[in-house]
Amino acid sequence: MLNESRLLAVAGFPVGHSRSPAMQRAALAELGIPWRYFRLPLPPERFEETVRALPAAGYAGLNVTVPHKEAALALADSATPTAEAIGAANTLTFGDRGIEAENTDAPALIAALGGSPAGKTALVLGAGGAGRAAAWALREAGAQVSAWNRTTERAKQLSDELGVAHADRPRAAEIMVNTTSVGLDGTTDPLDALHLAGLEPPPVLVDLVYAQGGTALAAWGRVGGSHVVDGLEILVRQGALSLESWTGRVAPLATMRAAVQDGLDID
Ligand code: ATR
């Protein structure tokens, strides 16, 4: 089956800047699997009908990104407990059992930490989809999680639904995960926006935001001696887990990392 010609894609809207095609093509080439990986811009109103047509068109699976992660879970025939709990899926696999939904963002975060978070305190900043995935993953892995968000109501809702604590303001923690979009524009000061001024950088700092040259938050952590995990490493890890689900092969992490960092793209 791996030597048949099958198709994969990343679906999003917009999806033009996704690094998944470069990363997954490099991985498939390294593994000697002749599958092709496309970029699929899909407006929300076309998402479901298009995805349902993909298996018959030769697709083995799909990566799903903004804004389709909830819709991907909703249309699937089955879903992993992780995807169900988070309420979103970033990976679909097409097989004999229909459309299977999975969330590899959550295990990717844990894998990227470089050690078990069990028993450690963790602070999740942000209460959007990425915040839910991070809070759930850390709680499942045994961390003592609290969640803070600019809009308090959203953090409270996340805390109630996922069984983690609510933080009314950011406090010191052994693991800090920024899941907000702060830092994406390169101008907002994350220490101000996230109320971190006055706190020591944590032992482990994860910033899901990626910026060329690194984010200001990551720089704060590095200067303070944090072990910093950036958004690209999480991208690599979630993509690796998706590839393993589709192919059953061990993903070549170093190749994927190199492809993402080069910004290589052969579109
Ligand atoms: P996603 O699903 O990708 O996590 P989202 O639902 O748009 O995206 O969430 C974005 C997150 O960034 C939210 O937690 C948002 O806080 P609010 O819920 O208060 O909107 C946070 N965010 C965006 N800009 C921010 C800023 N300038 N300061 C603090 N938090 C910000």
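One-based numbering, in listed order, for ligands and for the atoms of each.
In summary, K69 and D105 engage in a salt bridge, as defined by a charged side-chain N under 4.0 Å from a carboxylate O.
Note on L62: it does not cluster hydrophobically with W246, by side-chain heavy-atom contacts below 4.5 Å among ILVMFWY residues. Clustering ILVMFWY residues whenever any of their side-chain heavy atoms sit less than 4.5 angstrom apart, transitively, puts L2 in the very cluster that holds Y37.
The side-chain contact (heavy atoms from CB on, under 4.5 Å) search around A72 returns F47, V64, A89, L92, not counting sequence neighbours. Taking L191 as the reference, D189, L196, L217, W220 meet the side-chain contact (heavy atoms from CB on, under 4.5 Å) condition, with sequence neighbours excluded.
Within 4.0 Å of ligand 1, the residues that place a heavy atom are G126, A127, G128, G129, A130, N149, R150, T151, R154, T179, T180, S181, V182, A193, listed by chain and number.
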In a table with atom names and distances, give each donor-acceptor pair under 3.5 Å that connects a side chain of residues 201-209 to protein atoms at least two apart or in another chain.
{"from": "D207", "atom 1": "OD1", "to": "N178", "atom 2": "ND2", "distance (Å)": "2.9"}
{"from": "D207", "atom 1": "OD1", "to": "V209", "atom 2": "N", "distance (Å)": "3.1"}
{"from": "D207", "atom 1": "OD2", "to": "T215", "atom 2": "OG1", "distance (Å)": "2.6"}

